[in-house]
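Residue numbers start at 1 and run along the sequence shown.
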Amino acid sequence: MDISPLLTVADFCQAVGISRSTWHKLKRQGATPAVVTIGGVQRIRKEAAEAWLAENETRGSTIH
């Protein structure tokens, strides 16, 4: 079994530049990457974080 690297919520927040309060707001909205809960501790698979980033990526707008 190959277990991908797991990120803590704090690591994820730091990596994407959001605060923990923003994380909790997104979590309530169901807008965070999938979370794995192990013994009451939340972790995020690296692949889930990358997929979340790709899903939330937008092209730059062109303003004329």
Side-chain angles (χ1 to χ4, degrees):
M1 176 194 309
D2 181 29
I3 299 177
S4 66
L6 299 174
L7 301 170
T8 65
V9 172
D11 289 341
F12 175 80
C13 290
Q14 183 177 1
V16 299
I18 63 172
S19 67
R20 287 297 289 261
S21 62
T22 298
W23 165 266
H24 291 293
K25 178 181 175 183
L26 292 171
K27 183 81 171 153
R28 285 190 300 275
Q29 296 171 352
T32 60
V35 173
V36 177
T37 303
I38 304 168
V41 178
Q42 295 181 334
R43 295 288 185 258
I44 304 159
R45 291 181 192 265
K46 180 182 174 191
E47 289 82 6
E50 291 170 346
W52 181 86
L53 286 172
E55 290 169 8
N56 288 283
E57 186 174 28
T58 59
R59 294 184 183 270
S61 62
T62 55
I63 300 174
H64 298 284

Which residues share a side chain to side chain donor-acceptor pair (under 3.5 Å) with Ser19, sequence neighbours left out = Ser21, Thr22

For Glu47, side chain to side chain donor-acceptor pair (under 3.5 Å) partners two or more places apart = Ser4

Partners meeting side chain to side chain contact (heavy atoms under 4.5 Å, CB included) with [X] (sequence neighbours left out):
| X | answer |
| --- | --- |
| Ala10 | Thr8, Arg20 |
| Lys46 | Pro5, Glu50 |
| Ala31 | Leu26, Gln29 |

Run through Ile44, Asn56, Leu7 and flag the one making a side chain to side chain contact (heavy atoms under 4.5 Å, CB included) with Pro33.
->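 Going through the options one by one, the only one that passes is Ile44.
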
Trp52 to Val16 - nearest heavy-atom pair and separation =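 Residues Trp52 and Val16, closest heavy atoms: CZ3-CG1, 4.4 Å.
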
Please name the pair of heavy atoms, one in Gln42 and one in Val35, separated by the smallest distance, quoted to 0.1 Å.
-> CB-CG1, 3.5 Å

Verify the neighbour count for atom NZ of Lys25: are there more than 12 heavy atoms of other residues, nucleotides or ligands below 6.0 Å?
->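 No, the 6.0 Å shell around NZ holds no more than 12 heavy atoms from other groups.
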
Going only through I, L, V, M, F, W and Y residues with side-chain contacts under 4.5 Å, is there a path from Val9 to Leu53?
->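 Yes, same cluster.
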
